[in-house]
Structure formats: C-alpha cells, structure tokens
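Each remark here refers to the structure printed beneath this line.
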Amino acid sequence: MQIHRAEGEKPATDAMLRVYDGELRFYVGAVLENNVYNRWIKLNVIHDVDGNKLTIFVDGVIKHEAQGRGRSDFYFKFSVYGHTGESNRMESRWRDVKIFKK
C-alpha cells in the first residue's frame with residue numbers, strides 16, 4: 001500500500017507498506033506485524049496532512065507513527081508490485097476499503 005504525492009514530486013511517497021518474508025514493514029524498515037501470510041489483518045492508516053503525521057494501526061493497535069512530508073495532492077494504491085526470488089504465486093487481497101476525508 002502506498003500514499004503517493006503529486007506526480008513529479010520528490011520523494012514520491014509519504015508511506016509505503018510492504019511485505020517481506022511474511023513481515024509487514026514500513027518501507028524496508030520497521031516491522032509492523034509478523035506472519036501476515038494467509039490471514040486477514042485490519043489495516044488503518046491515518047494521514048493527517050495538517051498535523052504532518054502518519055499513524056498506522058494493525059488490528060486496532062498503533063504499530064507505527066511517522067512524520068509526514070508536507071502538503072501535496074495525494075493518491076493511494078494497493079496491489080502486488082514485485083518481489084525478490086522465485087515465487088509460484090503473489091497476491092494481495094483487500095476488502096471493505098473506505099476512504100475518509102476531513
């Protein structure tokens with residue numbers, strides 16, 4: 001899952017959540033949740049642009065807080081983007097996606 005900034009802006013994202021070896025990570029750093037393969041998790045991301053803050057919840061528990069990167073025009077996307085090593089299957093399932101705007 002990524003929160004993108006307006007096209008052409010650097011850095012390109014304010015947030016990126018990735019899975020490596022079953023670990024949900026903020027970019028390639030902080031591990032937010034272990035063993036995420038083959039199970040549903042509830043993911044909530046609050047992107048407070050005015051407060052310049054990101055808060056990430058997994059299953060209702062705050063797992064990470066990060067500073068934002070200022071104002072922009074934002075959009076988000078979620079999918080499978082790529083992997084390292086060989087794999088017979090890659091998938092990302094999402095349901096009940098809701099977007100709230102203040």
Side-chain angles (χ1 to χ4, degrees):
M1 175 265 185
Q2 300 171 327
I3 298 175
H4 280 268
R5 301 176 65 74
E7 190 170 328
E9 283 191 34
K10 299 292 181 191
T13 60
D14 270 23
M16 184 181 301
L17 302 181
R18 304 171 77 163
V19 175
Y20 292 102
D21 297 322
E23 296 175 333
L24 178 66
R25 293 179 174 266
F26 186 74
Y27 289 95
V28 295
V31 175
L32 309 183
E33 184 76 3
N34 291 301
N35 303 313
V36 299
Y37 289 150
N38 300 314
R39 71 180 179 103
W40 287 103
I41 62 170
K42 181 178 181 180
L43 176 68
N44 297 94
V45 178
I46 298 174
H47 185 203
D48 181 353
V49 176
D50 291 335
N52 203 33
K53 183 178 177 182
L54 289 148
T55 307
I56 301 167
F57 299 80
V58 176
D59 294 329
V61 177
I62 294 176
K63 294 291 185 151
H64 191 73
E65 294 179 299
Q67 185 173 351
R69 295 183 170 152
R71 293 192 167 279
S72 182
D73 290 322
F74 297 100
Y75 66 97
F76 84 99
K77 60 183 183 177
F78 50 94
S79 185
V80 174
Y81 301 107
H83 67 89
T84 57
E86 294 184 25
S87 175
N88 292 325
R89 179 176 169 175
M90 290 180 11
E91 73 179 351
S92 173
R93 294 185 182 189
W94 298 78
R95 66 181 181 198
D96 300 325
V97 174
K98 296 176 180 71
I99 300 171
F100 301 96
K101 187 174 180 179
K102 191 162 103 173

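Computed from a predicted model, the values in this text were never measured in an experiment. In this chain, numbering begins with 1 at the start of the sequence shown. FYI, side chains are in, hydrogens and waters are out, and symmetry mates aren't considered; it's all heavy atoms of this structure.
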message: Any side-chain to backbone donor/acceptor pair from N52 onto Q67? Under 3.5 Å, distance only.
response: no

- prompt: Could you state the interatomic distance from CG (N38) to CD (E91), rounded to the nearest 0.5 Å?
  reply: 8.0 Å

- line: Hits for salt bridge (Lys or Arg N to Asp or Glu O under 4.0 Å) against R18, two or more places apart or cross-chain, chain-then-number order -> none

- prompt: Nearest heavy-atom pair of P11 and R5: which atoms, and what distance?
  reply: O-CD, 3.0 Å

task: With the side chain counted from C-beta on, respond yes when D50 and R71 share a heavy-atom pair under 4.5 Å apart, and no when they do not.
output: yes

query: Which residue pairs pass the salt bridge (charged side-chain N to carboxylate O under 4.0 Å, His left out) test when at least one of the two sits in residues 34-49, sequence neighbours left out?
result: E33-R39, R39-D59

message: For D73, is the CG atom crowded, meaning more than 12 foreign heavy atoms sit under 6.0 Å from it?
response: no

query: How long is the span from the CG atom in N35 to the CD atom in E23, to the nearest 0.5 Å?
result: 8.0 Å

task: Please name all residues satisfying side-chain contact (heavy atoms from CB on, under 4.5 Å) with D21, sequence neighbours left out, ordered by chain then number.
output: none

- prompt: How many angstroms lie between atom OG1 of T13 and atom NZ of K77, to the nearest 0.5 angstrom?
  reply: 10.0 Å

message: Please enumerate all residues that pass salt bridge (Lys or Arg N to Asp or Glu O under 4.0 Å) together with R69, with sequence neighbours excluded.
response: none

- prompt: Are a donor atom and an acceptor atom from the side chains of E9 and S72 found within less than 3.5 Å of each other?
  reply: yes

field: ILVMFWY cluster membership beyond F57 - transitive side-chain contacts under 4.5 angstrom
entry: I46, I62

- prompt: If you group Ile, Leu, Val, Met, Phe, Trp and Tyr whenever their side-chain heavy atoms sit less than 4.5 Å apart, what else falls in with I41?
  reply: M1, I3, M16, L17, V19, L24, F26, Y27, L32, V36, Y37, L43, V45, V49, L54, I56, V58, F74, F76, F78, W94, V97, I99

